[in-house]
Structures are given as structure tokens and as C-alpha cells.
Amino acid sequence: MAWIYLLFAGLFEIGWAIGLKYTHGFSRLVPTVLTVSSMVVSLGLLGLALKTLPLGTAYALWTGIGTIGTAILGIILFGEPATALRLACIGLIVAGIVGLKLVS
């Protein structure tokens with residue numbers, strides 16, 4: 001169950017990272033409320049996952065999921081560049097996440 005908590009914690013991390021862009025410096029109420037809510041849920045789920053998972057592994061996966069998702073959505077939603085080097089680096093993060101999952 002801890003891995004499920006961690007997965008959803010990472011997904012909510014993506015939500016709040018993307019949400020920050022839409023808050024316009026926390027000046028828009030609805031995006032701000034949704035962003036802060038995503039932060040709380042993400043950290044809460046991470047805390048639940050940490051009851052049984054090793055800290056280093058859980059934190060690395062949590063930030064990795066958030067990083068990958070945010071980078072991909074940055075490309076899709078905000079027209080950020082999708083260069084071969086950038087995509088290769090995202091692939092390295094994926095490889096690291098898979099490696100950590102396999103050894104934990």
C-alpha cells in the first residue's frame with residue numbers, strides 16, 4: 001500500500017507544481033486553493049508512505065515522479081522545448097526511479 005501512497009503523492013506533487021504557474025504569484029483564489037490543497041495531500045501521502053518505505057528511496061521517487069510529470073506537462077501545456085537532450089535526461093530520471101524500485 002505504501003507504494004500506492006507514494007505514487008499518488010508524486011501525482012499530487014505534479015499537480016501543485018503545475019498549479020503554481022496558474023496562481024500568478026498566489027493572486028488567483030481558485031488556483032491557489034487547489035495548489036495548496038495538492039501540497040497538503042502530496043505531503044500527507046508521502047508521510048503515510050514513509051511509515052514503511054526507506055526515506056531516501058521514498059523521497060527520491062516522490063521528487064522523481066514530480067520532476068518527470070512536471071517536465072512533460074511543461075512541454076505539453078507551456079510549450080517548453082522538447083529537445084533530445086532534455087528527453088534523454090528525463091529518461092535518466094525514469095531509469096533511476098525504476099532502479100530504486102527494484103532494489104527496495
Would I4 and I65 show up in the same hydrophobic cluster when neighbours are defined by side-chain heavy atoms closer than 4.5 Å?
-> yes
Start with the C-alpha distance between L20 and M39, add both sets of side-chain angles, then the distance that settles side-chain contact (heavy atoms from CB on, under 4.5 Å), and finish with yes or no.
-> CA-CA 10 Å; L20 282 172; M39 289 176 179; 4.0 Å; yes
Flag yes if V36 and V41 sit in one hydrophobic cluster, no otherwise; membership is Ile, Leu, Val, Met, Phe, Trp, Tyr, and two members link when side-chain heavy atoms are under 4.5 Å apart.
-> no
Closest non-hydrogen atom pair, T23 against T35 | CG2-OG1, 3.5 Å
Any chain of hydrophobic side-chain contacts (each under 4.5 Å) joining F26 to L34?
-> no
First locate atom CD1 of I75, then atom CZ of R86, and finally report the distance between them rounded to the nearest 0.5 Å.
-> 5.0 Å
Closest non-hydrogen atoms of I90 and A71, given as atom of the first, atom of the second and distance, are CD1-CB, 3.7 Å
Given L45 and L6, is the side-chain contact (heavy atoms from CB on, under 4.5 Å) satisfied, shown in steps?
-> CA-CA 6 Å; L45 290 170; L6 188 58; over 6 Å; no
According to a 4.5 Å side-chain heavy-atom criterion applied to Ile, Leu, Val, Met, Phe, Trp and Tyr, with indirect links allowed, do L29 and W16 form part of one hydrophobic cluster?
-> no
Heavy-atom check, side chain of L61 versus side chain of W3, under 4.5 Å = yes
Of the non-hydrogen atoms in V94 and I68, which two are nearest, and what is the gap between them?
-> CG2-CD1, 3.4 Å
Which atoms form the tightest heavy-atom contact between S27 and T32, and what is the distance?
-> N-OG1, 4.3 Å
Please answer whether the main-chain N or O of T67 pairs with a side-chain N or O of T70 as donor and acceptor at a distance below 3.5 Å.
-> no
Please lay out, stage by stage, how K21 and I18 fare under the test side-chain contact (heavy atoms from CB on, under 4.5 Å).
-> CA-CA 6 Å; K21 183 81 168 172; I18 296 297; 5.5 Å; no
Going from CG on L46 to CD on E13, what distance comes out if it is rounded to the nearest 0.5 angstrom?
-> 8.5 Å
Stepwise, does the side-chain contact (heavy atoms from CB on, under 4.5 Å) test hold for I72 with I14?
-> CA-CA 10 Å; I72 291 170; I14 297 166; over 6 Å; no
Below 6.0 angstrom between ring centroids: does that apply to Y22 and F78?
-> yes
Please check if any side-chain donor atom of S42 sits under 3.5 Å from a side-chain acceptor atom of W62, or the reverse.
-> yes
Find out if a path of hydrophobic residues (ILVMFWY) with successive side-chain heavy-atom gaps under 4.5 Å connects L102 to L53.
-> yes
